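Worksheet: the structure to be examined is printed underneath.
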Protein chains: 2
Amino acid sequence: MQLFEIFRKYLQEKVELTDAQLDLIRSTSKERKIAKREFYLREGEISGHNTFVVKGLLRLYRIDEDGNEHIMRFAPENWWISDRESYNTGEPSKFIIDALEKSEVLIWTKEDSEFVYGEIPAFRAFGEGLFVESFIAYHNRIYNSISSTAEEKYKNFVKTYPDIFNRVPLHMVASYLGVTRETLSRVRRHFTLK
Amino acid sequence: MQLFEIFRKYLQEKVELTDAQLDLIRSTSKERKIAKREFYLREGEISGHNTFVVKGLLRLYRIDEDGNEHIMRFAPENWWISDRESYNTGEPSKFIIDALEKSEVLIWTKEDSEFVYGEIPAFRAFGEGLFVESFIAYHNRIYNSISSTAEEKYKNFVKTYPDIFNRVPLHMVASYLGVTRETLSRVRRHFTLK
DNA sequence: TGATTTTCGTGACAAATGTCCTCGTTGCGC
DNA sequence: GCGCAACGAGGACATTTGTCACGAAAATCA
């Protein structure tokens, strides 16, 4: 099945759209394949696109002054990804996006996105709804990060994202949670013994 | 000066609005005074309003199973506050909003907000711009929480929110940062000795 | 003003986490 | 299939953080 066809099925479960509207959305999109370990956004580049992951798994992360990776989030199938700060301000991104698996994505430029949003209010409402959901997810993650122990964070991650958990190495889960690999290993040992 | 007059000055620095549009915004708003320590949103209530802090200082926090407070954010003058999850879903809030200082706020119901947004697209764009900024702030806070030490988090808070820092007790800063009061006290000692 | 609460620091000890290291296994690329 | 890199576990030790207890100073309120 073509990439856009998969996207169309996803979209039609969420929004009512006419064929003409779908054509507009299709005509402004571009396809791209991303190899495993290939970069999709490098540090310093501008994140000027909305990207929908059709197949595979991407991640958004940042490298600190000491060279350590810190994973902000994973984006498997049916998720959207961008560095929203760079997207919004037009400034170079401090973050990196690469593929953890061979992936295929659909891409809209910021300009095309705005144009399509203007033409199709229901599509704009859909996009904004997604954004609110992301905001709420971040809100809950912050609460989790200031109120939970490492073990609780780990359990919560496995419970919330079982699919992602099964597809990424543990040291990346540790990075996402903000603990070292060793700590995660200890938490897991403690956990499986009980 | 009247509450709305203060708000009008704030708003006109950000958006171009006609007198008629300002009248619509004014006519849908309600004023409220909140005493120090008074609750503005209790756990279990629905957060169905947009609230602008004209004077004073509010906070949004949650109490965990062990009875510990975890502060999500502070809202001083010229900030907006609500529990966006409850606002969006209509579900009872798990969070609490109360006043740390004697405060005065302007309030719009969700319904009125949507109506005014529909009537004044520039006002909608303004509101959505604020929301994107909040999202970016949360994004950066998450990065900070998974990549920084307690000392770095503390320094960063003081630098980013010097005004708030000077108005709230240290144990609330600790709560916001996700560490105990004792740890914050140690960090400060270590910090001032150098 | 006087009494009470809140705030903040500190010491002692326990628990959690980070750091550095080794080792065996797995999986991927050539 | 082979070789190498990636992955995950685990031990030993240092550091950080949490917990509990106490006391002094500051703020609050009647």
Side-chain angles (χ1 to χ4, degrees), chain A residues 34-38 56-57 59 61 64-71 74 98-103 144-158 164-194, chain B residues 34-38 56-57 59 61 64-71 74 98-103 144-158 164-194:
Chain A
I34 310 171
K36 184 170 180 174
R37 287 168 214 274
E38 186 184 346
L57 179 60
R59 69 170 169 163
Y61 66 106
D64 67 23
E65 318 81 47
D66 300 328
N68 298 112
E69 288 180 7
H70 301 283
I71 299 179
F74 302 100
D98 67 2
L100 300 180
E101 302 173 1
K102 193 174 77 171
S103 303
N144 202 252
S145 84
I146 64 176
S147 69
S148 299
T149 64
E151 182 165 338
E152 288 165 341
K153 289 176 195 174
Y154 170 69
K155 287 185 191 175
N156 196 281
F157 180 82
V158 176
I164 295 175
F165 175 70
N166 284 315
R167 291 163 71 178
V168 304
L170 288 174
H171 69 86
M172 290 194 188
V173 175
S175 170
Y176 178 92
L177 297 179
V179 298
T180 60
R181 302 164 246 138
E182 292 89 342
T183 294
L184 184 61
S185 187
R186 281 188 283 246
V187 162
R188 281 163 53 79
R189 175 175 31 163
H190 190 68
F191 185 50
T192 51
L193 285 181
K194 286 193 297 194
Chain B
I34 310 171
K36 184 170 179 172
R37 287 169 212 274
E38 186 183 346
L57 178 60
R59 70 170 166 163
Y61 67 104
D64 68 21
E65 318 81 45
D66 301 327
N68 298 112
E69 288 180 6
H70 301 282
I71 299 178
F74 302 100
D98 66 4
L100 300 180
E101 302 174 359
K102 191 174 78 170
S103 303
N144 202 252
S145 83
I146 64 176
S147 69
S148 300
T149 64
E151 182 165 338
E152 289 165 341
K153 289 177 196 175
Y154 170 69
K155 287 185 191 174
N156 196 38
F157 180 83
V158 175
I164 295 175
F165 174 70
N166 284 315
R167 291 163 72 179
V168 304
L170 288 174
H171 70 85
M172 290 193 188
V173 176
S175 170
Y176 178 91
L177 297 179
V179 299
T180 60
R181 300 164 245 138
E182 292 89 344
T183 294
L184 184 61
S185 186
R186 281 186 285 244
V187 162
R188 280 164 53 81
R189 174 174 33 164
H190 189 69
F191 184 49
T192 52
L193 286 182
K194 287 192 298 194

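Computed from a prediction, not measured in an experiment: that's the story for all the values here.
The OH-C1' distance, from B:Y154 to C:dC8, rounds to 12 Å in whole Å. Between the P atom of C:dA15 and the NE2 atom of A:H190 lies a distance of 12 Å, rounded to the nearest Å. Regarding A:E101, its CD atom lies at a distance of 16 Å from the C1' atom of D:dA6, rounded to whole Å. The CG-C1' distance, from A:D66 to C:dC20, rounds to 16 Å in whole Å. We find that CD1 of B:I146 is positioned 16 Å from C1' of C:dG18, with the value rounded to whole Å. Between the CZ atom of B:R189 and the C1' atom of C:dT7 there is a distance of 17 Å, given to the nearest Å.
OP1 or OP2 of D:dT28 lies within a sub-4.0 Å distance of a side-chain N or O belonging to B:K36.
Across A:G56 and A:R167, no two heavy atoms sit closer than the pair O-NH2, 3.2 Å.
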Filtered N/O pairs between nucleotides 12-18 of chain D and protein, under 3.5 Å:
from	atom 1	to	atom 2	distance (Å)
D:dG18	OP2	B:T180	N	3.2
D:dG18	OP2	B:T180	OG1	2.9
D:dG18	OP2	B:T183	OG1	2.3
D:dG18	N7	B:R186	NH2	2.6
D:dG18	O6	B:R186	NH1	3.2

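In this structure, B:R186 and B:T183 have side chains that are in contact, with non-hydrogen atoms separated by less than 4.5 Å. At least one side-chain heavy atom of A:L170 sits less than 4.5 Å from a side-chain heavy atom of A:R188.
Here B:E151 pairs with B:K155 in a salt bridge; the nearest charged N to carboxylate O distance falls below 4.0 Å. A salt bridge links A:D98 with A:R59; the closest basic N to acidic carboxylate O contact falls under 4.0 Å.
Heavy-atom neighbours of B:R181 CZ from other residues, nucleotides or ligands within 6.0 Å: at or below the threshold of 12.
Take B:Y61 and apply the ring pair (Phe, Tyr, Trp, His ring centres under 6.0 Å) test, not counting sequence neighbours, and it matches no residue.
Within the model, atoms CZ of A:F74 and CZ of A:F157 stand 5.0 Å from one another, a figure rounded to the nearest 0.5 Å.
For residues 167-174 of chain A, proximity to DNA chain D is found at A:P169, A:L170, A:H171, defined as any non-hydrogen atom under 4.0 angstrom from a strand atom.
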